[in-house]
Undergrad: 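The structure's right below; bear with me while I get my questions together.
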Amino acid sequence: MRTTITVTSSVRATPRVAQVAGLFDLPVDAGRSLHWDVDLPLGERPWSIGLITGPSGCGKTTIARALWPEQTTRKQEWDAECALLDGFPETLPVKQIVALLSGVGFSSPPAWLRPFHVLSTGQQFRVSLARLLAEAVANPVAGRAVVCDEYSSVVDRTVAQIGSAAVARTVRAHGLAFVAVTCHDDVEEWLQPDWVYRPAEGRFTWRCLRRRPALPLRIVRCQASAWPLFAPHHYLNTDLARSAVCFLATWEGRPVAFSAWMNFVGAGPPTRREHRTVTLPDFQGVGIGNALSATVAAMYCGLGLRAVSTTTHPAMTHARRRSPLWRMRRAPSLAAPEQGLKKVCHATRRLTAGFEYVGPALPRRLALALMDA
């Protein structure tokens with residue numbers, strides 16, 4: 001894609017304009033015309049994600065609008081009286097909308113039922129991205145890219161980075177082409193673009209995919225008093241069993257995920273059952289909840305116990321079906337024969353799937369240290 005872009009503006013020659021032009025020895029028409037010679041060799045190889053980045057005023061948005069005019073002029077409208085789910089294309093089934101929301105790291109079903117305007121800035125960022133991708137999925141056009149101007153500009157940098165990793169995975173999973181336009185180049189390692197264009201330097205580079213930055217988690221046993229921070233984001237109710245054993249995952253000193261486990265009453269060897277696992281919204285989409293859950297399950301296995309889990313969340317069900325660490329014991333269904341009457345009645349209102357942890361056990365020494373921490 002090679003083009004020359006010229007933007008010309010008309011400014012009246014007022015006394016102030018003449019005064020400043022004289023002070024700095026500038027022609028009166030200085031700044032009225034701007035030019036960019038753009039060469040993006042995007043046809044040389046297949047790509048999924050592109051990044052246009054640089055300081056404010058270097059022409060990022062102007063260039064994106066010139067190269068992808070239809071995709072950068074559309075503005076999303078959200079009905080203040082409707083749940084955000086109803087803002088997605090009508091042709092998409094709910095299951096696909098939910099998958100896209102979860103795919104960009106917005107895995108909070110209670111929030112899906114709220115209007116867009118009541119969401120936090122970080123949540124709105126992810127929902128807007130999910131809708132952009134949904135519109136591309138609903139109306140696929142060969143060669144058309146999804147373009148997001150001012151990408152991540154209004155959110156906390158942690159939200160931007162974690163969200164970028166989630167977006168990248170979703171874009172590639174759906175075979176889409178996505179272009180992020182932003183003044184923040186700190187998302188590059190997380191977004192893992194196939195190419196980067198820097199208008200301020202006139203420099204285009206192809207990139208090879210690399211691993212995104214690691215997220216070293218610290219997992220400790222905690223008190224139930226940590227639960228209120230996570231309770232509003234759980235997809236079922238906010239109850240926490242008094243007998244639950246609780247664990248907290250932190251990243252750089254910040255709480256990011258919570259997991260609680262209980263004794264499982266039933267036939268067979270001694271077993272522990274996952275009771276509640278929640279990741280805070282700003283950190284969803286990169287597998288933190290699954291990592292915490294698997295670590296606790298490995299701990300119990302290291303103590304000679306079985307670890308099982310029943311989940312209704314589609315994203316967690318999908319992740320565990322693909323994971324070598326878990327084995328599905330019951331496919332998604334309305335009830336399980338081994339459940340008690342009260343649980344069977346509850347399960348008839350939603351699909352649940354049953355899993356057992358089959359991954360490596362945590363060495364007993366480490367398992368005891370985590371359990372007694």
Undergrad: State, with a plain yes or no, whether a side-chain heavy atom of L132 is found less than 4.5 Å away from one of Q76.
TA: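 Heavy-atom side-chain distance check passes, below 4.5 Å.
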Undergrad: Checking salt bridge (charged side-chain N to carboxylate O under 4.0 Å, His left out) for the pair R210/E189: CA distance, chi angles, key distance, verdict?
TA: CA-CA 8 Å; R210 309 178 183 91; E189 290 186 317; over 6 Å; no
Undergrad: Looking at every non-hydrogen atom in both residues, tell me the closest pair between S107 and H313 and how far apart they are.
TA: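 The pair with the smallest heavy-atom distance is O-NE2, 3.3 Å.
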Undergrad: Is there a side-chain contact (heavy atoms from CB on, under 4.5 Å) between V127 and W112 once you walk through the steps?
TA: CA-CA 9 Å; V127 171; W112 297 343; over 6 Å; no
Undergrad: Taking A166's backbone N and O only, do any of them form a donor-acceptor pair with W190's side chain (distance below 3.5 Å, no angle check)?
TA: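 No, because the side chain of W190 does not come within donor-acceptor range (under 3.5 Å) of the backbone of A166.
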Undergrad: Quick one: do R126 and D282 satisfy salt bridge (charged side-chain N to carboxylate O under 4.0 Å, His left out)? Show the steps, please.
TA: CA-CA 10 Å; R126 297 195 190 217; D282 287 352; 5.5 Å; no
Undergrad: Within a strict 4.5 Å, meaning less than it, do heavy atoms of the L176 and V137 side chains meet?
TA: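 A side-chain contact exists here, since the closest heavy-atom pair is under 4.5 Å.
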Undergrad: Less than 4.5 Å apart, any side-chain heavy atom of R207 and any of V196?
TA: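 They are in contact (side-chain heavy atoms under 4.5 Å apart), so the answer is yes.
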Undergrad: If only atom types and distance count, is the side chain of H174 paired as donor or acceptor with the main-chain N or O of T170 below 3.5 Å?
TA: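 Yes; judged by distance alone, with no hydrogens or angles, the pair exists.
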Undergrad: Tell me the closest heavy-atom pair linking P69 and A66, and the distance in Å.
TA: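 For P69 and A66, the tightest heavy-atom pair comes out as CD-O, 3.8 Å.
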Undergrad: Please lay out, stage by stage, how T271 and E356 fare under the test side-chain contact (heavy atoms from CB on, under 4.5 Å).
TA: CA-CA 10 Å; T271 302; E356 179 179 353; over 6 Å; no
Undergrad: Closer than 3.5 angstrom, by distance alone: can the side chain of H275 be matched with the main-chain N or O of A241 as a donor-acceptor pair?
TA: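 Checking the backbone N and O of A241 against the side chain of H275, a donor-acceptor pair under 3.5 Å is found.
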Undergrad: Is the NZ or CZ atom of R45 both under 6.0 Å from the centre of the six-membered ring of W206 and within 45° of that ring's axis?
TA: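 Verdict for W206: a cation-pi partner in R45.
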Undergrad: Any link between V167 and L280 through a network of hydrophobic side chains (Ile, Leu, Val, Met, Phe, Trp, Tyr) touching at under 4.5 Å?
TA: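 No.
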Undergrad: Is there side-chain contact between R329 and V308, with at least one heavy-atom pair below 4.5 Å?
TA: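 No, too far: nothing below the 4.5 Å cut-off.
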Undergrad: Side chains of S152 and R157: any donor to acceptor distance under 3.5 Å?
TA: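 Note: R157 and S152 side chains meet the donor-acceptor criterion.
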Undergrad: Mind checking the OG1-CD1 spacing from T295 to I219? Nearest 0.5 Å is all I need.
TA: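 Interatomic distance, T295 OG1 to I219 CD1, rounded to 0.5 Å: 4.0 Å.
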Undergrad: Has the side chain of D185 got a donor or acceptor atom that lies under 3.5 Å from a matching backbone atom of T53?
TA: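 Not a single qualifying donor-acceptor pair exists.
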Undergrad: Would the number of heavy atoms belonging to other residues, nucleotides or ligands and lying under 6.0 Å from CD of E201 be above 12?
TA: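 Yes, enclosed.
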Undergrad: Identify the two heavy atoms, one from R320 and one from F355, that lie closest to each other, and give their separation to 0.1 Å.
TA: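 Heavy atoms of R320 and F355 come nearest at CB-CE2, 3.7 Å.
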Undergrad: With hydrophobic residues grouped by side-chain heavy-atom distances under 4.5 Å, do L113 and I97 end up in a single group?
TA: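 Same cluster: L113 reaches I97 through Ile, Leu, Val, Met, Phe, Trp or Tyr contacts under 4.5 Å.
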Undergrad: For a side-chain contact (heavy atoms from CB on, under 4.5 Å) check, start with the C-alpha distance between L40 and W195, then their side-chain angles and the critical distance, and finish with the verdict.
TA: CA-CA 9 Å; L40 273 62; W195 57 264; 4.0 Å; yes
Undergrad: Can any side-chain N or O of Q192 pair as donor or acceptor with the backbone N or O of R212 at less than 3.5 Å?
TA: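 Checked: no pair found.
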Undergrad: To the closest 0.5 Å, what do you measure between CZ (R272) and CE (M262)?
TA: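 Reported value, rounded in 0.5 Å steps: 10.5 Å.
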Undergrad: Let me confirm one number: the CG-OG1 distance from L292 to T250, rounded to the nearest 0.5 Å.
TA: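 With rounding to 0.5 Å, CG (L292) is 10.5 Å from OG1 (T250).
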Undergrad: So, for P199 and I63, which heavy atoms are closest and what is the spacing to 0.1 Å?
TA: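 Shortest heavy-atom contact: CB-CD1, 3.7 Å.
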Undergrad: Is the distance between the ring centroids of F125 and Y151 under 6.0 Å?
TA: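 When the ring centroids of Y151 and F125 are compared, they turn out to be within the sub-6.0 Å range.
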Undergrad: I'd like to know whether CZ of R327 has more than 12 heavy-atom contacts from other residues, nucleotides or ligands below 6.0 angstrom.
TA: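 No, the 6.0 Å shell around CZ holds no more than 12 heavy atoms from other groups.
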Undergrad: Could you see if L133 belongs to whatever hydrophobic cluster contains V187? Use Ile, Leu, Val, Met, Phe, Trp, Tyr and a side-chain cutoff under 4.5 Å.
TA: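 In one cluster with L133: V187, yes.
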Undergrad: Between L42 and F204, is any pair of side-chain heavy atoms under 4.5 Å apart?
TA: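 Of all side-chain heavy-atom pairs linking F204 with L42, at least one is under 4.5 Å.
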Undergrad: Quick check: do P324 and V358 have side-chain heavy atoms less than 4.5 Å from each other?
TA: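 No, every pair of side-chain atoms sits at 4.5 Å or beyond.
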Undergrad: Under 4.5 Å between any side-chain heavy atoms of F230 and R276, yes or no?
TA: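 Not in contact.
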Undergrad: Let me check something: do F106 and V94 share a hydrophobic cluster, defined by ILVMFWY side-chain heavy atoms less than 4.5 Å apart, either directly or through other members?
TA: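 Looking at the clustering, V94 is in the same group as F106.
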Undergrad: So do T352 and R330 actually touch side chain to side chain, heavy atoms under 4.5 Å?
TA: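 Result yes, sub-4.5 Å side-chain heavy-atom pair found.
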Undergrad: Using 0.5 Å steps for rounding, measure from the OH atom of Y197 to the OG1 atom of T205.
TA: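 Between atom OH of Y197 and atom OG1 of T205 there are 11.5 Å.
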Undergrad: Rounded to the nearest 0.5 Å, what separates atom CG in N290 from atom CE in M316?
TA: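 Reported to 0.5 Å precision, the distance equals 5.0 Å.
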Undergrad: Same cluster or not: are V147 and L100 linked, directly or through other Ile, Leu, Val, Met, Phe, Trp or Tyr residues, by side-chain heavy atoms under 4.5 angstrom apart?
TA: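 Different clusters.
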Undergrad: Once you measure the plane-to-plane angle for W227 and H234, does it fall in the parallel (<30°), tilted (30-60°) or perpendicular (>60°) bin?
TA: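 Rings of W227 and H234: perpendicular, as their planes differ by over 60°.
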Undergrad: Counting distance only, does the side-chain N/O of K60 pair as donor-acceptor with the main-chain N or O of E150 below 3.5 Å?
TA: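 It does not hold such a pair.
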Undergrad: Which pair of heavy atoms, one from Q284 and one from T279, lies closest together, and at what distance?
TA: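 Nearest pair, atom of Q284 first, then T279: NE2-O, 2.9 Å.
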Undergrad: Once you measure the plane-to-plane angle for F116 and W78, does it fall in the parallel (<30°), tilted (30-60°) or perpendicular (>60°) bin?
TA: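 Parallel.
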Undergrad: I would like to know whether L84 and H117 meet side-chain contact (heavy atoms from CB on, under 4.5 Å); could you show each step before the answer?
TA: CA-CA 9 Å; L84 66 87; H117 72 275; over 6 Å; no
Undergrad: Could you tell me if T61 and D149 have a donor-acceptor pair between their side chains, going purely by distance under 3.5 Å?
TA: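 Yes, T61 and D149 have a side-chain donor paired with an acceptor closer than 3.5 Å.
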Undergrad: Is a side-chain N or O of S323 found less than 3.5 angstrom from the main chain of L325, in a donor-acceptor match?
TA: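 Yes, the answer is positive, given that a donor and an acceptor are paired below the 3.5 Å cut-off.
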Undergrad: Can you tell me how far CD of E274 sits from OG of S293, rounded to the nearest 0.5 angstrom?
TA: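 One finds 3.5 Å between OG of S293 and CD of E274.
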Undergrad: Please report the shortest heavy-atom distance between A260 and L240, naming the atom on each side.
TA: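 Looks like CB-CD1, 3.7 Å.
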